[in-house]
A.B. asks: 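This is the structure I want to talk about, given as C-alpha coordinates.
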Amino acid sequence: MEDGRIKNNQIRATSPRSGLSRAIYARFNHTDGNGGWCPDQKGPANETLYSQYVQVKLDEPVRIKGIYLQGSAKGLGKVERFLINYTPNKTNPFSWRWIGNLDQVRTKYFEVNMDSPVHRKILRPPIVADGIRLVPLFKVRKQVCMRFELLGCTLVNGLINYNMPQGNSLRQGKHNFTDLIYDGEEKKDILSNGLGFLTDGKPAPADYTVSSGLGWIGWHSKDTPAPYVIFEFLETRIFQSLTLHCNVRDGENIKLFSKVSVRFSVGKNDAFDGLLAHSPKNVSSGSSWVNRNVKVDLCRHIGRKIKLDFTYTGEWILISEVTFKSGKY
(Lines give C-alpha, C1' and ligand atoms only; values in the text may rest on other atoms or scores of the structure.)
Protein backbone atom coordinates (compact mmCIF):
# COMPACT_ATOMS: atom_id res chain seq x y z
CA MET A 1 0.00 0.00 0.00
CA GLU A 2 2.60 2.55 1.07
CA ASP A 3 4.99 2.09 -1.87
CA GLY A 4 2.30 2.22 -4.53
CA ARG A 5 2.60 -1.32 -5.88
CA ILE A 6 -1.10 -1.66 -5.10
CA LYS A 7 -2.75 0.81 -7.50
CA ASN A 8 -5.67 3.10 -6.73
CA ASN A 9 -8.01 1.07 -8.94
CA GLN A 10 -7.36 -1.98 -6.74
CA ILE A 11 -8.64 -0.22 -3.59
CA ARG A 12 -12.30 0.44 -2.92
CA ALA A 13 -14.69 0.85 0.00
CA THR A 14 -18.38 0.64 0.69
CA SER A 15 -18.59 4.40 1.28
CA PRO A 16 -16.52 7.50 2.14
CA ARG A 17 -17.49 10.27 4.53
CA SER A 18 -16.41 12.75 1.85
CA GLY A 19 -14.43 12.89 -1.38
CA LEU A 20 -11.25 13.37 0.66
CA SER A 21 -11.95 10.27 2.76
CA ARG A 22 -12.13 7.72 -0.05
CA ALA A 23 -10.49 4.30 0.01
CA ILE A 24 -7.42 5.54 -1.89
CA TYR A 25 -6.47 7.55 1.21
CA ALA A 26 -6.12 4.38 3.29
CA ARG A 27 -2.45 3.94 2.34
CA PHE A 28 -0.11 3.34 5.28
CA ASN A 29 1.88 6.46 6.36
CA HIS A 30 0.20 8.66 3.73
CA THR A 31 -1.25 11.99 4.87
CA ASP A 32 -3.12 13.21 1.80
CA GLY A 33 -6.87 13.81 1.70
CA ASN A 34 -8.36 13.78 5.17
CA GLY A 35 -5.59 11.44 6.34
CA GLY A 36 -7.28 8.07 5.88
CA TRP A 37 -10.33 6.18 4.73
CA CYS A 38 -13.27 7.37 6.83
CA PRO A 39 -16.63 5.68 6.12
CA ASP A 40 -20.00 7.38 6.04
CA GLN A 41 -21.49 6.32 9.38
CA LYS A 42 -25.14 7.18 8.99
CA GLY A 43 -27.50 5.22 11.16
CA PRO A 44 -29.47 5.28 14.41
CA ALA A 45 -27.68 6.92 17.35
CA ASN A 46 -25.30 4.62 19.29
CA GLU A 47 -25.83 1.73 16.87
CA THR A 48 -22.85 -0.66 16.67
CA LEU A 49 -22.17 -1.93 13.15
CA TYR A 50 -19.82 -4.01 11.01
CA SER A 51 -21.46 -2.90 7.78
CA GLN A 52 -18.62 -0.98 6.11
CA TYR A 53 -15.32 -2.20 4.72
CA VAL A 54 -12.26 -1.20 2.73
CA GLN A 55 -11.16 -3.74 0.13
CA VAL A 56 -7.98 -4.53 -1.81
CA LYS A 57 -7.99 -6.80 -4.87
CA LEU A 58 -4.52 -8.09 -5.76
CA ASP A 59 -3.17 -9.11 -9.17
CA GLU A 60 -2.52 -12.68 -7.99
CA PRO A 61 -2.87 -14.74 -4.81
CA VAL A 62 -0.45 -13.57 -2.11
CA ARG A 63 0.49 -15.10 1.23
CA ILE A 64 -0.52 -12.43 3.78
CA LYS A 65 1.21 -12.76 7.16
CA GLY A 66 0.19 -9.56 8.91
CA ILE A 67 -1.38 -6.11 8.81
CA TYR A 68 -0.20 -2.70 10.05
CA LEU A 69 -2.93 -0.22 11.00
CA GLN A 70 -2.99 3.51 11.72
CA GLY A 71 -5.75 5.95 12.53
CA SER A 72 -6.33 9.23 10.74
CA ALA A 73 -3.27 11.39 10.07
CA LYS A 74 -5.37 14.54 10.54
CA GLY A 75 -7.83 13.86 13.31
CA LEU A 76 -8.99 11.60 16.09
CA GLY A 77 -10.58 8.91 13.92
CA LYS A 78 -9.27 5.41 14.80
CA VAL A 79 -10.24 1.74 14.74
CA GLU A 80 -10.97 -0.12 17.98
CA ARG A 81 -11.79 -3.55 16.55
CA PHE A 82 -12.08 -5.09 13.10
CA LEU A 83 -12.82 -8.29 11.19
CA ILE A 84 -11.02 -9.72 8.16
CA ASN A 85 -12.90 -11.06 5.17
CA TYR A 86 -10.85 -12.56 2.32
CA THR A 87 -10.92 -14.72 -0.78
CA PRO A 88 -8.34 -16.93 -2.51
CA ASN A 89 -10.22 -16.43 -5.80
CA LYS A 90 -11.68 -12.97 -6.34
CA THR A 91 -13.42 -14.08 -9.56
CA ASN A 92 -15.75 -16.26 -7.47
CA PRO A 93 -18.17 -14.05 -5.51
CA PHE A 94 -19.07 -17.00 -3.25
CA SER A 95 -15.47 -17.69 -2.14
CA TRP A 96 -15.23 -14.87 0.42
CA ARG A 97 -14.69 -16.15 3.97
CA TRP A 98 -14.02 -14.79 7.47
CA ILE A 99 -10.90 -15.39 9.49
CA GLY A 100 -12.08 -17.47 12.42
CA ASN A 101 -10.83 -18.31 15.88
CA LEU A 102 -8.81 -21.48 16.44
CA ASP A 103 -12.02 -23.51 16.56
CA GLN A 104 -12.92 -22.12 13.08
CA VAL A 105 -16.51 -21.80 14.28
CA ARG A 106 -16.56 -18.20 15.46
CA THR A 107 -15.39 -15.17 13.50
CA LYS A 108 -12.22 -13.69 14.99
CA TYR A 109 -12.29 -10.11 16.27
CA PHE A 110 -8.97 -8.25 16.04
CA GLU A 111 -8.54 -5.82 18.91
CA VAL A 112 -6.48 -2.64 18.40
CA ASN A 113 -4.29 -0.93 21.01
CA MET A 114 -5.72 2.59 21.04
CA ASP A 115 -2.65 4.00 22.80
CA SER A 116 -0.26 3.05 19.99
CA PRO A 117 0.05 5.09 16.75
CA VAL A 118 0.82 1.91 14.75
CA HIS A 119 -0.89 -1.41 15.37
CA ARG A 120 0.71 -4.64 14.15
CA LYS A 121 -1.47 -7.72 13.75
CA ILE A 122 0.27 -10.99 12.84
CA LEU A 123 -1.92 -13.63 11.22
CA ARG A 124 -1.30 -17.16 12.50
CA PRO A 125 -1.67 -19.01 10.29
CA PRO A 126 -1.16 -16.68 7.32
CA ILE A 127 -3.88 -16.49 4.67
CA VAL A 128 -3.56 -16.92 0.91
CA ALA A 129 -5.72 -14.31 -0.80
CA ASP A 130 -6.09 -12.19 -3.90
CA GLY A 131 -8.80 -10.15 -2.23
CA ILE A 132 -9.06 -8.86 1.35
CA ARG A 133 -11.53 -6.66 3.25
CA LEU A 134 -10.96 -4.94 6.59
CA VAL A 135 -14.29 -4.51 8.33
CA PRO A 136 -14.05 -2.05 11.27
CA LEU A 137 -16.40 -1.79 14.20
CA PHE A 138 -18.00 1.63 14.31
CA LYS A 139 -20.43 3.51 16.45
CA VAL A 140 -22.34 6.30 14.79
CA ARG A 141 -21.14 9.02 17.18
CA LYS A 142 -17.48 7.93 17.04
CA GLN A 143 -15.84 8.40 13.67
CA VAL A 144 -13.71 5.57 12.31
CA CYS A 145 -10.70 6.34 10.09
CA MET A 146 -7.92 4.00 9.07
CA ARG A 147 -4.75 3.54 7.04
CA PHE A 148 -3.14 0.14 6.63
CA GLU A 149 -0.39 -1.99 5.09
CA LEU A 150 -0.44 -5.65 4.05
CA LEU A 151 2.58 -7.77 5.00
CA GLY A 152 3.02 -10.65 2.62
CA CYS A 153 4.90 -12.32 -0.19
CA THR A 154 4.20 -13.92 -3.53
CA LEU A 155 3.85 -17.69 -3.77
CA VAL A 156 6.82 -19.75 -4.98
CA ASN A 157 5.58 -22.41 -7.41
CA GLY A 158 2.16 -22.11 -5.83
CA LEU A 159 3.28 -23.52 -2.45
CA ILE A 160 1.07 -22.28 0.39
CA ASN A 161 2.13 -24.38 3.43
CA TYR A 162 3.67 -27.55 4.78
CA ASN A 163 2.71 -29.70 7.77
CA MET A 164 5.06 -31.98 9.73
CA PRO A 165 6.20 -33.10 13.19
CA GLN A 166 8.32 -30.47 14.93
CA GLY A 167 12.06 -31.18 14.89
CA ASN A 168 14.11 -32.46 17.83
CA SER A 169 17.27 -31.26 19.60
CA LEU A 170 20.71 -32.85 19.85
CA ARG A 171 22.93 -33.00 22.95
CA GLN A 172 20.24 -31.89 25.41
CA GLY A 173 19.29 -28.82 23.39
CA LYS A 174 22.79 -27.64 22.49
CA HIS A 175 21.91 -28.03 18.80
CA ASN A 176 18.33 -27.02 18.07
CA PHE A 177 16.90 -28.69 14.97
CA THR A 178 13.39 -27.26 15.32
CA ASP A 179 11.62 -24.99 12.84
CA LEU A 180 12.04 -21.73 14.74
CA ILE A 181 10.74 -19.50 11.93
CA TYR A 182 7.62 -21.55 11.17
CA ASP A 183 4.74 -19.07 10.82
CA GLY A 184 1.79 -21.43 11.17
CA GLU A 185 0.34 -23.25 14.16
CA GLU A 186 1.90 -25.78 16.52
CA LYS A 187 -0.20 -28.21 18.51
CA LYS A 188 1.16 -31.25 20.33
CA ASP A 189 4.46 -30.98 18.43
CA ILE A 190 2.73 -30.97 15.03
CA LEU A 191 3.23 -27.95 12.76
CA SER A 192 0.41 -27.01 10.39
CA ASN A 193 -0.67 -24.31 7.93
CA GLY A 194 2.66 -22.50 7.74
CA LEU A 195 6.06 -22.21 6.10
CA GLY A 196 9.53 -22.12 7.65
CA PHE A 197 13.12 -23.27 7.21
CA LEU A 198 12.33 -25.95 4.63
CA THR A 199 11.26 -23.37 2.05
CA ASP A 200 13.14 -20.18 3.00
CA GLY A 201 15.63 -20.54 0.12
CA LYS A 202 18.64 -20.64 2.46
CA PRO A 203 20.48 -23.99 2.63
CA ALA A 204 21.99 -24.43 6.09
CA PRO A 205 25.78 -24.90 6.50
CA ALA A 206 27.27 -28.39 6.69
CA ASP A 207 28.80 -27.63 10.10
CA TYR A 208 25.62 -27.11 12.09
CA THR A 209 27.62 -26.31 15.25
CA VAL A 210 28.42 -22.79 13.95
CA SER A 211 24.75 -21.86 14.33
CA SER A 212 23.68 -24.35 17.03
CA GLY A 213 21.59 -26.15 14.43
CA LEU A 214 19.70 -23.09 13.19
CA GLY A 215 18.30 -23.71 9.72
CA TRP A 216 18.15 -27.51 9.99
CA ILE A 217 15.07 -29.62 10.66
CA GLY A 218 16.22 -32.74 12.50
CA TRP A 219 14.26 -35.80 13.59
CA HIS A 220 15.56 -38.48 15.95
CA SER A 221 14.46 -42.07 15.45
CA LYS A 222 13.39 -42.43 19.09
CA ASP A 223 11.56 -39.09 19.48
CA THR A 224 10.01 -39.03 15.99
CA PRO A 225 9.88 -42.62 14.69
CA ALA A 226 7.83 -41.82 11.56
CA PRO A 227 8.80 -38.38 10.20
CA TYR A 228 6.83 -36.92 7.31
CA VAL A 229 6.16 -33.64 5.53
CA ILE A 230 2.96 -32.72 3.65
CA PHE A 231 3.28 -29.87 1.14
CA GLU A 232 0.12 -28.11 -0.04
CA PHE A 233 -0.16 -26.03 -3.21
CA LEU A 234 -2.74 -23.48 -4.27
CA GLU A 235 -3.79 -25.50 -7.31
CA THR A 236 -3.13 -28.85 -8.96
CA ARG A 237 0.34 -29.05 -10.50
CA ILE A 238 2.47 -31.39 -12.62
CA PHE A 239 5.61 -32.42 -10.71
CA GLN A 240 8.86 -33.29 -12.46
CA SER A 241 11.16 -33.64 -9.44
CA LEU A 242 11.98 -32.59 -5.90
CA THR A 243 15.35 -31.95 -4.25
CA LEU A 244 16.14 -32.35 -0.54
CA HIS A 245 19.16 -30.61 0.98
CA CYS A 246 20.42 -33.05 3.65
CA ASN A 247 23.26 -33.36 6.17
CA VAL A 248 25.53 -36.29 7.06
CA ARG A 249 27.66 -36.47 10.22
CA ASP A 250 28.94 -39.98 10.97
CA GLY A 251 30.10 -39.09 14.49
CA GLU A 252 26.52 -38.25 15.57
CA ASN A 253 24.92 -41.03 13.48
CA ILE A 254 23.27 -38.43 11.21
CA LYS A 255 22.65 -40.24 7.92
CA LEU A 256 20.72 -39.81 4.71
CA PHE A 257 17.30 -41.40 5.01
CA SER A 258 17.23 -44.97 3.73
CA LYS A 259 14.02 -44.31 1.76
CA VAL A 260 11.54 -41.55 1.03
CA SER A 261 8.05 -42.55 -0.06
CA VAL A 262 6.11 -39.96 -2.07
CA ARG A 263 2.33 -39.85 -2.42
CA PHE A 264 0.05 -37.36 -4.16
CA SER A 265 -3.41 -35.97 -3.47
CA VAL A 266 -5.49 -34.09 -6.04
CA GLY A 267 -8.43 -33.15 -3.82
CA LYS A 268 -8.57 -31.02 -0.71
CA ASN A 269 -8.74 -34.10 1.52
CA ASP A 270 -5.76 -36.20 2.54
CA ALA A 271 -6.45 -39.27 0.35
CA PHE A 272 -2.93 -39.87 -0.99
CA ASP A 273 -2.07 -42.31 -3.76
CA GLY A 274 0.36 -42.69 -6.67
CA LEU A 275 3.17 -44.10 -4.54
CA LEU A 276 6.78 -43.44 -5.58
CA ALA A 277 9.84 -44.48 -3.57
CA HIS A 278 13.46 -43.42 -3.72
CA SER A 279 16.50 -44.75 -1.83
CA PRO A 280 19.62 -42.55 -2.04
CA LYS A 281 23.13 -43.94 -2.14
CA ASN A 282 24.80 -44.11 1.25
CA VAL A 283 27.22 -41.25 1.97
CA SER A 284 29.97 -41.11 4.60
CA SER A 285 31.18 -37.85 6.13
CA GLY A 286 34.36 -39.28 7.64
CA SER A 287 35.35 -37.15 10.61
CA SER A 288 33.70 -34.02 9.22
CA TRP A 289 30.29 -32.82 8.01
CA VAL A 290 28.85 -33.30 4.51
CA ASN A 291 25.84 -31.71 2.82
CA ARG A 292 24.21 -33.71 0.05
CA ASN A 293 21.35 -32.87 -2.31
CA VAL A 294 19.03 -35.80 -2.95
CA LYS A 295 16.98 -35.47 -6.14
CA VAL A 296 13.81 -37.53 -6.59
CA ASP A 297 12.16 -38.01 -9.99
CA LEU A 298 8.41 -37.43 -9.60
CA CYS A 299 7.58 -38.75 -13.08
CA ARG A 300 5.13 -35.95 -13.94
CA HIS A 301 2.64 -37.01 -11.31
CA ILE A 302 -0.13 -34.51 -10.65
CA GLY A 303 -1.35 -33.31 -7.27
CA ARG A 304 -2.31 -30.43 -5.05
CA LYS A 305 -0.66 -32.03 -2.02
CA ILE A 306 2.48 -34.13 -1.73
CA LYS A 307 3.32 -36.29 1.28
CA LEU A 308 6.89 -37.41 1.98
CA ASP A 309 7.41 -40.29 4.45
CA PHE A 310 10.99 -40.93 5.59
CA THR A 311 12.69 -44.10 6.83
CA TYR A 312 15.84 -43.91 8.97
CA THR A 313 19.28 -45.28 8.20
CA GLY A 314 20.95 -43.91 11.32
CA GLU A 315 19.58 -42.23 14.44
CA TRP A 316 19.04 -38.81 12.82
CA ILE A 317 17.66 -37.27 9.62
CA LEU A 318 18.58 -33.62 8.93
CA ILE A 319 16.94 -31.61 6.13
CA SER A 320 17.40 -27.91 5.42
CA GLU A 321 15.62 -27.21 2.12
CA VAL A 322 13.03 -28.88 -0.09
CA THR A 323 12.50 -27.52 -3.62
CA PHE A 324 10.18 -28.66 -6.39
CA LYS A 325 10.35 -28.50 -10.16
CA SER A 326 6.74 -28.27 -11.30
CA GLY A 327 4.28 -26.49 -13.56
CA LYS A 328 0.58 -25.68 -13.65
CA TYR A 329 -1.70 -28.54 -14.59
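Because the structure is predicted, anything quoted here is derived from the model rather than measured. Index from 1, following the sequence.
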A.B. asks: Specify the closest pair of heavy atoms between Ile217 and Leu198, including all atoms of both residues, with the distance to one decimal.
C.D. replies: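 Looking at all heavy atoms of both residues, the shortest contact is CG1-CD2, 3.7 Å.
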
A.B. asks: I would like to know whether Tyr162 and Phe231 meet ring pair (Phe, Tyr, Trp, His ring centres under 6.0 Å); could you show each step before the answer?
C.D. replies: CA-CA 4 Å; Tyr162 62 76; Phe231 295 91; 5.7 Å; yes

A.B. asks: Without swapping roles, check the side chain of Ser288 against the backbone of Ser285 for a donor-acceptor pair under 3.5 Å.
C.D. replies: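 No: the side chain of Ser288 does not pair with the backbone of Ser285.
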
A.B. asks: Treating Ile, Leu, Val, Met, Phe, Trp and Tyr as nodes and any side-chain heavy-atom pair under 4.5 angstrom as an edge, say whether Leu69 and Ile99 lie in one connected cluster.
C.D. replies: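 Yes, Leu69 connects to Ile99 through the hydrophobic network.
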
A.B. asks: Are Leu318 and Val322 joined in one hydrophobic group, where the rule is that I, L, V, M, F, W and Y side chains link up if heavy atoms are under 4.5 Å apart?
C.D. replies: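 Leu318 does not cluster with Val322.
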
A.B. asks: Quick one, Met1 and Ile6 - any side-chain contact, counting heavy atoms below 4.5 Å?
C.D. replies: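 Contact flag for Met1/Ile6 side chains = yes.
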
A.B. asks: Parallel, tilted or perpendicular: which describes the rings of Phe324 and Phe233, with under 30° parallel and over 60° perpendicular?
C.D. replies: perpendicular

A.B. asks: Against the six-membered ring of Trp316, is Arg249 placed for a cation-pi contact (under 6.0 Å from the centre, within 45° of the normal)?
C.D. replies: no

A.B. asks: I need the minimum non-hydrogen distance between Ser326 and Asn157, along with the two atoms involved.
C.D. replies: OG-CB, 4.2 Å

A.B. asks: In sequence, state the C-alpha distance, the side-chain angles, and the governing distance for Val296 and Val260, and then conclude on side-chain contact (heavy atoms from CB on, under 4.5 Å).
C.D. replies: CA-CA 9 Å; Val296 182; Val260 56; 4.1 Å; yes

A.B. asks: Determine whether a donor-acceptor pair (N or O, by modelled atom type, separation under 3.5 Å) exists between the side chain of Ser320 and the backbone of Ala204.
C.D. replies: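 Confirmed, Ser320 side chain pairs with Ala204 backbone.
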
A.B. asks: Supply the atom-to-atom distance Ser211 OG to Trp216 CH2, rounded to the nearest 0.5 angstrom.
C.D. replies: 9.5 Å

A.B. asks: Apply side-chain contact (heavy atoms from CB on, under 4.5 Å) to Asn253 and Lys255, showing your working.
C.D. replies: CA-CA 6 Å; Asn253 207 7; Lys255 302 285 189 179; 3.8 Å; yes

A.B. asks: So which heavy atom on Asp32 is nearest to which on His30, and how close?
C.D. replies: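 Scanning both residues, the minimum pair turns out to be OD1-CB, 3.5 Å.
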
A.B. asks: Would you say the ring centroid of Phe239 lies under 6.0 angstrom from that of His301?
C.D. replies: no

A.B. asks: In terms of side-chain geometry, is the basic nitrogen of Asp183 or Arg63 positioned less than 4.0 Å from the acidic oxygen of its partner?
C.D. replies: yes

A.B. asks: Just how far is it from atom CD1 of Ile230 to atom CG of Leu191, taken to the nearest 0.5 Å?
C.D. replies: 12.0 Å

A.B. asks: Walk me through it: do Ser169 and His175 pass the test side-chain contact (heavy atoms from CB on, under 4.5 Å)?
C.D. replies: CA-CA 6 Å; Ser169 296; His175 304 308; over 6 Å; no

A.B. asks: Regarding Thr311 and Ser258, is there a side-chain donor-to-acceptor distance under 3.5 Å anywhere?
C.D. replies: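 No, no side-chain donor-acceptor pair sits under 3.5 Å.
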
A.B. asks: Restricting to non-hydrogen atoms, name the atom on Phe257 and the atom on His278 that form the minimum distance, rounded to 0.1 Å.
C.D. replies: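 Residues Phe257 and His278, closest heavy atoms: CE1-O, 4.5 Å.
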
A.B. asks: Is a side-chain donor or acceptor of His220 paired with a backbone partner of Lys222 at a separation under 3.5 angstrom?
C.D. replies: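 Between the backbone of Lys222 and the side chain of His220 there is a qualifying donor-acceptor contact (under 3.5 Å).
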
A.B. asks: Is there a donor-acceptor pair closer than 3.5 Å between any side-chain N or O of Glu186 and the backbone N or O of Ser192?
C.D. replies: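 No: the side chain of Glu186 does not pair with the backbone of Ser192.
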
A.B. asks: Angle between ring planes, Phe110 versus Phe82, binned at 30° and 60°: parallel, tilted or perpendicular?
C.D. replies: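 Parallel.
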
A.B. asks: Return yes when atom NZ of Lys121 has more than 12 non-hydrogen atoms of other residues, nucleotides or ligands closer than 6.0 Å, and no otherwise.
C.D. replies: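 Yes, NZ of Lys121 has more than 12 neighbouring heavy atoms, counting only those of other groups under 6.0 Å.
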
A.B. asks: Is it possible for you to say whether Phe197 and Ile160 belong to one hydrophobic cluster, with membership spreading through side-chain heavy-atom contacts below 4.5 Å?
C.D. replies: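 No; Ile160 is not reachable from Phe197 via cluster members.
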
A.B. asks: Quick one: do Ser15 and Gln52 satisfy side-chain hydrogen bond (donor to acceptor under 3.5 Å, both in side chains)? Show the steps, please.
C.D. replies: CA-CA 7 Å; Ser15 74; Gln52 306 268 4; 2.9 Å; yes

A.B. asks: Heavy atoms, side chains only, cut-off 4.5 Å: are Tyr86 and Trp98 in contact?
C.D. replies: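 Of all side-chain heavy-atom pairs linking Trp98 with Tyr86, none is under 4.5 Å.
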
A.B. asks: Between Glu252 and Arg171, does any NZ, NE, NH1 or NH2 come within less than 4.0 Å of an OD or OE carboxylate oxygen?
C.D. replies: yes

A.B. asks: With a 6.0 Å cut-off on ring centres, are Tyr50 and Tyr109 close enough?
C.D. replies: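 Yes, they do, as the ring centres are separated by less than 6.0 Å.
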
A.B. asks: At their closest point, which heavy atom of Lys7 faces which heavy atom of Ile11, and how far apart are they?
C.D. replies: O-CG1, 3.6 Å

A.B. asks: A cation-pi test, strictly: NZ or CZ of Arg120 under 6.0 Å from the centre of the six-membered ring of Tyr68 and no more than 45 degrees from its axis. Yes or no?
C.D. replies: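 Not satisfied by the 6.0 Å and 45° rule.
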
A.B. asks: If you round to the nearest 0.5 Å, how far is CE of Met146 from NZ of Lys78?
C.D. replies: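 It is 13.5 Å, given to the nearest 0.5 Å.
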
A.B. asks: Counting distance only, does the side-chain N/O of Tyr53 pair as donor-acceptor with the main-chain N or O of Arg12 below 3.5 Å?
C.D. replies: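 Answer holds: no.
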
A.B. asks: Regarding Glu321 and Lys202, does a basic nitrogen lie under 4.0 Å from an acidic carboxylate oxygen?
C.D. replies: no

A.B. asks: In Å, rounded to the nearest 0.5 Å, how long is the span from OG of Ser221 to OH of Tyr312?
C.D. replies: 6.0 Å

A.B. asks: Under a 3.5 Å cutoff, is there a donor and acceptor pairing between the side chains of Ser212 and Asn176?
C.D. replies: no

A.B. asks: Would a single hydrophobic cluster contain both Leu234 and Leu195, if residues Ile, Leu, Val, Met, Phe, Trp and Tyr are joined by side-chain heavy-atom contacts under 4.5 Å?
C.D. replies: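 No; tracing contacts between hydrophobic side chains, which count when under 4.5 Å, never links both residues.
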
A.B. asks: Let me see the working for Ile132 and Gln55 under side-chain contact (heavy atoms from CB on, under 4.5 Å), right down to the final yes or no.
C.D. replies: CA-CA 6 Å; Ile132 186 169; Gln55 170 182 287; over 6 Å; no

A.B. asks: With the threshold set at 4.0 Å, does a side-chain nitrogen-carboxylate oxygen contact exist between Arg27 and Glu2?
C.D. replies: no

A.B. asks: Any pair with a residue in residues 56-98 that passes disulfide bond (SG atoms under 2.5 Å apart), sequence neighbours left out, goes on the list, sorted by first then second residue, please.
C.D. replies: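 Output for this query is empty, none listed.
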
A.B. asks: Side chains of Gln166 and Asp179: do they bring a donor and an acceptor to under 3.5 Å?
C.D. replies: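 Side chains of Gln166 and Asp179: no pair found under 3.5 Å.
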
A.B. asks: Between Thr313 and Leu256 (side chain of the first, backbone of the second, donor and acceptor by atom type, cut-off under 3.5 Å), is there such a pair?
C.D. replies: yes

A.B. asks: Whether the Thr178 and Asn168 side chains hold a donor-acceptor pair (N or O, under 3.5 Å, no angle test) is what I'd like checked.
C.D. replies: no

A.B. asks: Strictly below 4.0 Å, N to O, side chains only: are Asp130 and Lys90 in salt-bridge contact?
C.D. replies: yes

A.B. asks: Side chain of Thr236, backbone of Arg304: donor and acceptor closer than 3.5 Å?
C.D. replies: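 Flag not set: sc Thr236 to bb Arg304 has no pair under 3.5 Å.
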
A.B. asks: Supply the atom-to-atom distance Lys295 NZ to Gln240 CD, rounded to the nearest 0.5 angstrom.
C.D. replies: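 Going from NZ on Lys295 over to CD on Gln240, the span is 9.5 Å.
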
A.B. asks: Go through the side-chain N and O atoms of Asp250 and Ser284 and say whether any donor and acceptor fall under 3.5 Å apart.
C.D. replies: yes

A.B. asks: Can you check side-chain hydrogen bond (donor to acceptor under 3.5 Å, both in side chains) on Thr87 and Asn92, steps first, answer last?
C.D. replies: CA-CA 8 Å; Thr87 176; Asn92 180 358; over 6 Å; no

A.B. asks: Would you say Trp219's side chain and Pro165's backbone share a donor-acceptor pair under 3.5 angstrom?
C.D. replies: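 Confirmed, Trp219 side chain pairs with Pro165 backbone.
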
A.B. asks: Do side-chain atoms of Arg147 reach the backbone of Gly71 as a donor and acceptor pair under 3.5 angstrom?
C.D. replies: yes

A.B. asks: Only counting residues at least two apart or in another chain, list the ones meeting salt bridge (charged side-chain N to carboxylate O under 4.0 Å, His left out) with Asp309.
C.D. replies: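 Testing Asp309 for salt bridge (charged side-chain N to carboxylate O under 4.0 Å, His left out), a comparison that skips the adjacent residues, returns Arg263, Lys307.
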
A.B. asks: Gln41 side chain to Lys142 main-chain N or O, any donor-acceptor pair under 3.5 Å?
C.D. replies: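 The answer is yes, because a donor-acceptor pair under 3.5 Å joins these two groups.
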
A.B. asks: I need the minimum non-hydrogen distance between Asn193 and Asn161, along with the two atoms involved.
C.D. replies: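 Smallest interatomic distance, heavy atoms only, reads C-CB, 3.7 Å.
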
A.B. asks: Are Leu276 and Val229 joined in one hydrophobic group, where the rule is that I, L, V, M, F, W and Y side chains link up if heavy atoms are under 4.5 Å apart?
C.D. replies: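 Leu276 clusters together with Val229.
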
A.B. asks: For Ile122, I'd like to know if atom CD1 has over 12 heavy atoms of other residues, nucleotides or ligands within 6.0 Å.
C.D. replies: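 Above 12, so yes.
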
A.B. asks: In Å and rounded to the nearest 0.5 Å, what is the OG to CG distance from Ser18 to Asn34?
C.D. replies: 4.5 Å

